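For the numbers below, each heavy atom of this structure counts, side chains included, while hydrogens, waters and symmetry mates do not. Small disclaimer: the values here were computed from a predicted structure and weren't measured. Chain letters run A, B, ... following the sequence lines, proteins first, then strands; residues in each count from 1.
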Amino acid sequence: MDNSATRNEPLSSSAPPPPSPNSITYDPQAIERKWQRIWQERGTNHTDLQRAQRPFYALMMFPYPSAEGLHVGNLFAFTGNDIYGRFQRLMGHNVFEPLGYDAFGIHSENYALKVGQHPMDLIPRNIANFQRQLESAGLMVDWRYRLATTDPSYYKWTQWLFLQLFKQGLAYKKQAAVNWCPDCKTVLANEQVIGGLCERSQTPVEQRLLEQWFFRISEYAPKLLENLERIDWSDTTRTAQRNWIGKSEGAELVFATRDTEGGECEIRVFTTRPDTIYGATYMVLAPEHPLVERLTKSGERRDVSAYRERTKKRDIITRKTSIEKTGIFTGSYAINPATEKEIPIWISDYVLMEYGTGAIMGVPGHDQRDFEFAKKFDLPIVRVVCGEREDVNTPLHEAFTECESGTLVNSGVFDGFRVENAKKAIVEFLTKAGSAKPVVHYRLHDWCISRQRYWGPPIPIIYCESCGTVPVPEKDLPVVLPFIEDFKPDDSGVSPLARHKEWYLVECPKCGKTGRRETDVSDTFLDSAWYFLRYPSVGRDDVPFEKNVTMKWLPVTSYIGGNEHAVLHLLYSRFITMVLHDAGQLDFEEPFTRFRAHGHIIREGAKMSKTQGNIVNPDEYIEHWGADAFRMYLMFLGPYDQGGDFRDQSISGTRRFLDRLFASVQSMSSDGGGEPDHSVMRKLHQTIRKVSEDIPRLSYNTAIAAMMEYMNVLRKGERTPHRDEVFPLITLVSPFAPHIAEELWEQTGETGSVFDSAWPSFDPALAAEDLIELVVQVNGKVRGRVMVAPDTTEKAALVAALADPAVSKFVASAPRKVVFVPGRLLNIVV
RNA sequence: GCGGAAGUGGCGGAAUUGGUAGACGCGCUGGACUUAGGAUCCAGUGGAGCAAUCCGUGGGGGUUCGAGUCCCCCCUUUCGCACCA
């Protein structure tokens, strides 16, 4: 790229320095040990939360401390955040970079069961190991504010949070179906059910109904959606949230019918296509729909019951995944409010009770699922929308679902309406007739927080025979999770805590009679939905988050984490923040001002996994290459937001770069005299600009490439670099390789920490090129290059270009057109 | 099936708004230094061709003076979610 500089103004080069007999070589292990010790002694990574003038909260998603130890993926994520935080510090911010542990949950519990140990013994050991590994990576973490969700001083406030939601009527109990594995005797998450079988025991999974606690997140759906427009987040993450919330605008339509006794009743359906109502030729209810009982005629009763039984037996997943349409006619008919014709009422499991109203109108002409159903059961298919170049008689081989080009037919007075207009007009018309209303529906459903497990914070509720459901008084928090030996789930289907009377039998806080504690624990997502509020207030036992420090440090300035949490964790955190805001506890609604998702790294093209045996243990690499070279390699192997491919062989590249940096400082120290080279200084300032632009974009791989490029210029032809050429590079490298930066900072005679200094300033005058290479094209093909001043005019450029025989030989006649992009290119069209 | 992301040398990957395709690194080749080199340094490295030149960003069309980048169709990989009415 920069051979222009060399070609036109060769760099001054001097003979290589004679090898010094006592020259120092780069010893990362010694340097890293030394600086980690000094950082600790001097409190270099401590942030004065009270006195900070320019607070910058650089948060990263906290890890789950597994027994296998720190995953290189964790380190990839944390290093990216650390670079950003260190850079912001050098830009003059007071950066707070806390880290903690998300240590409750099913993974720890299952692992503890597997190895026959108790999570209360296991987790602290895992945390200690993680701590050691994280410290060896040289992160700028203020460990004084470390937290662990399993610590009673933390989950005391997780329980407090539950009580706040309970007080506001946002926590409630309802029956919900869960996947149940009769062999493992436990509730399974959807992801643990594969093809209707338990992923571990291969046993067919059943459905069970349990009373569970829910949070009314659906009430916040509109705000969760709207605010997405205002926050500075990765687009991919916002899109994922938007899709998850799933707003759909439509209408609720009412179909009148009569039950088997002759009584009037109504079936409500939700539809996004009210314009197709004239094509509704049948209705379908979910098998669980409450009206099924009343609408089933005696002749159909046997078949309907059998079908409902069959549905019940299937687990949730296979029901939702099998595409073969099944169903049974109930014997009853409803009146289509538009056509006023009778249409049959069916039941089928492709209609889900939990979405919409649990009933649909079947419009086979314009919905593919309805089309398949109608084909199978020979129900009438009527076209009510035509596309371009179609008419009412064009046969339908599949459902016609396009809206934009559609025009209505077979729809009475609405014939000829465009689909969009028809939606409004028909809803208006039916609303007047009392059989419709416009409705906005969200896919997002309430958050189930109950877990019939042991390893989580107990839900702070007491059931009393006379007082009912009583919240544990705040002064009695935390409800401590007791140490029990038998934390394994059993066939009872209730939480392990429900086997311990000595724990769950307590006095009712209201009446003093014997009550019973809630024995379910809460979801881990609740632990992590508020931890960012806690960090600045770690150590405060009287409040979950202290008011002043919270106002000063939150919302989080920058949050970085994996896109696998794009939906649940981030959505729940936003919800909890909104709830606390509405309760007057916080003065902001959105917890994370800026969020960026990082990518994931794979190894040699394959996903890292224990079964493949290709997991990278960071310890060995740090031991062999040094933490700085390892950090730098992780950031260099691909774009941070996309991840990349970890290849052992490639680490030598970043290590070599650091070796050369170290050597440059050694050789320049012995060479104090002379002036810095003009073209090297120009490259230096171009590098400062590039690195300063790339770090905020998290484009670390290109920032490192730019520094390597500079290194090549700096040492070209074995020249001896000047101090002024090398010194700013120490700071540029410091966010990536903090230990070596500190060492070289000290070696160049500076005092204190490089991180208490300032980012090098960029001088545009020094970075400007005297001559630039103008590309000359003829008919769009590159035919030559000319060196010209950056402000050369089109005329002058054309003259210079035509002077080049390689160009002029393609220009036989007068140019038809000339395209000139100043400073870049000249295209002669002949 | 729906939604997101992505397809560029031997490999990982560069390429603000359409403007030199392949920066930087690995690997490879040659050379220097060396008792030695799996150390270090220097140089070269998309393909074809002696060369001029031609061909090249998953495939096929299109827009443009000019397309990795924009538009249309198709293929592949990958990650979420599973009939969302």
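- Residue contacts shown for A/Glu372 are absent, as no nucleic acid heavy atom lies under 4.0 Å away.
- Distance, A/Asp235 CG to B/G80 P: 20 Å, rounded to whole Å.
- Nucleotides B/A21 and B/G31, compared at atom P, are 33 Å apart to the nearest Å.
- Side-chain contact between A/Leu285 and A/Ile345: present, with at least one pair of heavy atoms (C-beta onward) separated by less than 4.5 Å.
- Taking a 4.0 Å limit (strictly below) on heavy-atom distances, residues 822-830 of chain A reaches RNA chain B at A/Arg824, A/Leu825, A/Asn827, A/Val829.
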>> I'd like to know whether A/Phe636 forms a ring pair (Phe, Tyr, Trp, His ring centres under 6.0 Å) with A/Phe736, so could you lay out the CA-CA distance, the side-chain angles of the two residues, the decisive distance to 0.1 Å, and finally the verdict.
In response: CA-CA 10 Å; A/Phe636 185 64; A/Phe736 300 87; over 10 Å; no

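- In this structure, of B/U20, B/A85, B/G12, it is B/G12 that holds the atom nearest to the side chain of A/Leu637.
- Residue A/Asn701 places at least one side-chain N or O under 4.0 Å from the OP1 or OP2 atom of B/A14.
- Ring geometry for A/His366 against A/Phe400 counts as perpendicular: the plane angle is over 60°, on a 0 to 90° scale with 30° as the lower cut.
- Rounded to the nearest Å, the gap between the P atom of B/G4 and that of B/C55 is 36 Å.
- Between B/C81 and A/Arg443, no contact under 4.0 Å exists linking OP1 or OP2 to a side-chain N or O.
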> Passes salt bridge (Lys or Arg N to Asp or Glu O under 4.0 Å), A/Asp659 versus A/Arg656? Steps please.
Replying inline: CA-CA 5 Å; A/Asp659 280 333; A/Arg656 240 192 300 269; over 6 Å; no

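- Distances from the side chain of A/Val819 to the nucleotides B/G12, B/C65, B/A85 place B/C65 closest.
- Separation of the A/Tyr282 and A/Trp346 ring centroids does not fall under the 6.0 Å cut-off.
- Comparing the P positions of B/U35 and B/U53 gives a spacing of 48 Å, expressed to the nearest Å.
- Between the NE2 atom of A/His624 and the P atom of B/G38 there is a distance of 15 Å, given to the nearest Å.
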>> I need a per-nucleotide contact map over nucleotides 39-55 of chain B, read 5' to 3'. Cutoff is protein heavy atoms under 4.0 Å; write B for the base, S for backbone only, - otherwise.
In response: -SSSS--------SSSS

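- As rounded to whole Å, 7 Å separates atom P of B/G12 from atom CG of A/Asp645.
- For B/U69, there is no paired base (Watson-Crick or G-U wobble, both distances below 3.5 Å).
- Put simply, the side chain of A/Tyr26 never gets that close to the backbone of A/Arg655: no donor and acceptor are under 3.5 Å apart.
- In textbook terms, a nucleotide whose glycosidic angle is within 90° of 0 is syn, while B/G62, being further out, is anti.
- Here the nucleotide nearest the side chain of A/Val821, chosen from B/G27, B/G19, B/G13, is B/G19.
- Put simply, CZ on A/Arg369 is 7 Å from C1' on B/C84, counting in whole angstrom units.
- Evaluation of atom-type donor-acceptor distances gives no pair under 3.5 Å for the side chain of A/Gln777 against the base of B/U20.
- Taking CG from A/Leu714 and OG from A/Ser664, the interatomic distance works out to 5.0 Å, rounded to the nearest 0.5 Å.
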>> Set out, in order, the CA-CA distance, both residues' side-chain angles and the distance that settles salt bridge (Lys or Arg N to Asp or Glu O under 4.0 Å) for A/Lys423 and A/Glu420, then state yes or no.
In response: CA-CA 5 Å; A/Lys423 281 184 182 175; A/Glu420 280 315 308; 3.6 Å; yes

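- Remark: the separation of the C1' atoms in B/C33 and B/U20 is 37 Å, to the nearest Å.
- Rounded to whole Å, the P atom of B/A85 lies 12 Å from the corresponding atom of B/G3.
- B/C83 and B/U78 have their P atoms separated by 23 Å, given to the nearest Å.
- With a 3.5 Å ceiling on both atom-pair distances, B/U35 lacks any Watson-Crick or G-U wobble partner.
- Nucleotide B/A85 holds its P atom 11 Å from the CZ atom of A/Arg273, rounded to whole Å.
- Among the atoms of the strands shown, none is found under 4.0 Å from any heavy atom of A/Thr654.
- In terms of phosphate contacts, A/Thr272 brings no side-chain nitrogen or oxygen within less than 4.0 Å of OP1 or OP2 of B/C84.
- The 12-atom threshold is not exceeded at CZ of A/Arg824, counting heavy atoms of other residues, nucleotides or ligands nearer than 6.0 Å.
- At whole-Å resolution of the value, CG in A/Asp694 and P in B/A23 are 17 Å apart.
- Which of B/A85, B/C11, B/G19 sits closest to the side chain of A/Ser248 comes down to B/A85.
- Rounded to an integer number of Å, the gap from A/His598 NE2 to B/A5 C1' is 16 Å.
- A cation-pi arrangement is found for A/Arg783 relative to A/Phe810, the charged atom lying closer than 6.0 Å to the ring centre and inside a 45° cone about the ring normal.
- Of all nucleotides present, only B/C24 satisfies the Watson-Crick or G-U wobble test against B/G12, with each distance under 3.5 Å.
- Positionally, the nearest nucleotide of RNA chain B for A/Phe646 lies more toward the 5' end than for the other of A/Phe646 and A/Asp370.
- For the pair A/Thr357 and A/Pro639, nearest-nucleotide mapping onto RNA chain B gives the more 5' position to A/Pro639.
- Separating the C1' atom of B/G27 from that of B/G13 is a span of 14 Å, rounded to the nearest Å.
- Per the geometry, CD belonging to A/Glu693 stands 13 Å off P belonging to B/U17, to the nearest Å.
- Pairing of B/G18, defined by two Watson-Crick or G-U wobble distances under 3.5 Å, is not identified with any nucleotide.
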> Do A/Lys683 and A/Glu709 pass the salt bridge (Lys or Arg N to Asp or Glu O under 4.0 Å) test, and can you show the C-alpha distance, the side-chain angles, and the key distance before you say yes or no?
Replying inline: CA-CA 9 Å; A/Lys683 186 71 184 171; A/Glu709 223 178 297; 3.0 Å; yes

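- Comparing B/U8 with B/A15, their P atoms sit 15 Å apart, to the nearest whole Å.
- The closest side-chain heavy-atom distance from A/Tyr633 to A/Ser652 is not below 4.5 Å.
- Among B/C24, B/A15, B/A21, the nucleotide with an atom closest to any side-chain atom of A/Val782 is B/A21.
- Look at B/A5: its Watson-Crick or wobble partner, with both distances under 3.5 angstrom, is B/U77.
- Of the listed nucleotides (B/A5, B/C65, B/G12), B/G12 has the atom at the smallest distance from the side chain of A/Arg647.
- Between A/Arg596 and A/Asp232, at least one side-chain N (NZ, or NE/NH1/NH2) sits under 4.0 Å from a carboxylate O, which counts as a salt bridge.
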